[in-house]
Amino acid sequence: MSGLWAACGLVLLALVLSATLKKDAPAIALLLTLAAGILLLLRAFSLADGALGRLTSLLEQGGMTRELYLPVLKCVGVAVVVRVAGALCRDNGQGALAAKLEIAGAVLALALCLPLVEQVLALASGWAV
C-alpha cells in the first residue's frame with residue numbers, strides 16, 4: 001500500500017512541476033513527465049514480476065500449460081504498452097497517430113492469440129495441431 005502512496009506522490013509532484021514549467025520550458029516539462037512515467041512503469045513492472053511468478057506457479061499447479069496462458073499475458077503487455085504510448089500521443093496533440101497505434105496493437109494482440117485459438121480448437125474438436 002505504501003507503494004501506491006509513493007506512486008501517487010510522484011505523479012502529483014510531476015504534474016505540479018510540469019504545469020509550472022509548461023509555459024516557459026515545454027520541452028523540459030515533457031521530459032519530466034516522461035521520466036516520471038518511466039519511473040512508475042519500472043516500479044510497476046518490478047512488482048508485477050513477483051506476482052507473475054506466483055501466478056505461473058499457481059497455473060502450473062492447476063495443470064495449465066505455458067502455451068495456454070502465455071499468449072494472454074503477452075496480450076496484456078501489448079495493451080499496457082499501447083495504452084501508455086497512445087496517451088503520450090494524445091497528450092502531444094497526435095490523436096490520429098494514437099488511433100493508428102491502437103489499431104496496430106489490436107492486430108498484434110490478435111496475432112499473439114492465434115496459438116491460443118489453435119489450442120482451443122484442438123481441444124474442442126480433437127484435431128491435432
Side-chain angles (χ1 to χ4, degrees):
M1 191 65 160
S2 66
L4 177 63
W5 290 112
C8 290
L10 176 64
V11 167
L12 288 174
L13 179 64
L15 287 174
V16 169
L17 290 174
S18 177
T20 304
L21 293 171
K22 194 171 190 174
K23 197 183 284 183
D24 297 327
I28 294 174
L30 175 65
L31 290 175
L32 175 69
T33 305
L34 287 174
I38 289 169
L39 287 173
L40 282 171
L41 288 176
L42 288 174
R43 178 69 179 141
F45 290 149
S46 71
L47 293 173
D49 188 39
L52 185 61
R54 290 178 60 194
L55 177 66
T56 300
S57 174
L58 287 172
L59 290 172
E60 287 175 354
Q61 285 177 2
M64 264 187 124
T65 63
R66 193 172 176 90
E67 291 79 28
L68 288 177
Y69 64 84
L70 196 59
V72 175
L73 295 178
K74 287 180 181 180
C75 284
V76 170
V78 167
V80 168
V81 170
V82 167
R83 178 158 177 121
V84 170
L88 287 172
C89 290
R90 283 189 193 84
D91 285 350
N92 289 297
Q94 298 295 325
L97 186 60
K100 290 173 181 75
L101 177 65
E102 289 167 355
I103 291 169
V107 170
L108 179 59
L110 182 62
L112 288 171
C113 281
L114 285 177
L116 181 60
V117 172
E118 289 173 347
Q119 290 286 333
V120 169
L121 288 174
L123 197 65
S125 66
W127 137 135
V129 178

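The shown structure was predicted, so the numbers you read here are calculated from the model rather than taken from an experiment.
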### Message
So, taking the atom named CG in Leu108 and the one named CD1 in Ile103, what distance separates them when rounded to the nearest 0.5 Å?
### Response
14.0 Å
### Thr33 side chain vs Ala29 backbone, donor-acceptor pair below 3.5 Å
yes
### Task
State, with a plain yes or no, whether a side-chain heavy atom of Arg43 is found less than 4.5 Å away from one of Ser46.
yes
## Note on the structure
Between Gly105 and Val78, the two heavy atoms sitting closest are O-CG1, 3.6 Å
### Message
To the nearest 0.5 Å, what is the distance between CD on Glu60 and CG on Leu55?
### Response
10.0 Å
### Query
Apart from Leu97 itself, which Ile, Leu, Val, Met, Phe, Trp or Tyr residues share its cluster (side-chain heavy atoms under 4.5 Å, direct or through members)?
none
### Query
With the 4.5 Å side-chain cut-off for hydrophobic clustering, are Leu112 and Val76 part of the same group?
no
### Task
Give a yes or no on whether Val82 and Ile38 share a hydrophobic cluster (residues Ile, Leu, Val, Met, Phe, Trp, Tyr; joining criterion: side-chain heavy atoms under 4.5 Å apart).
no
### Taking every non-hydrogen atom, the tightest pair across Ala98 and Gly86
CB-O, 3.6 Å
### Query
Transitive ILVMFWY cluster of Leu10 at side-chain heavy atoms under 4.5 Å: who else is in it?
Val11, Leu15, Leu39, Leu40
### Query
Out of curiosity, does Val72 fall in the hydrophobic cluster containing Leu59 (side-chain heavy atoms, cut-off under 4.5 Å, transitive links)?
yes
### Message
Could you check whether atom CD1 of Ile28 has more than 12 heavy atoms from other residues, nucleotides or ligands sitting under 6.0 Å from it?
### Response
no
## Note on the structure
The salt bridge (Lys or Arg N to Asp or Glu O under 4.0 Å) partners of Arg83 (sequence neighbours excluded) come to none
### Task
Please examine the side chains of Leu34 and Leu88, heavy atoms only from C-beta on, and report whether any two atoms are closer than 4.5 Å.
yes
### Task
Carefully, step by step, assess Asn92 and Leu30 under the rule side-chain contact (heavy atoms from CB on, under 4.5 Å).
CA-CA 9 Å; Asn92 289 297; Leu30 175 65; 3.9 Å; yes
### Query
Of all heavy-atom pairs between Leu32 and Ala14, which one has the smallest distance, and what is that distance?
CD2-O, 3.8 Å
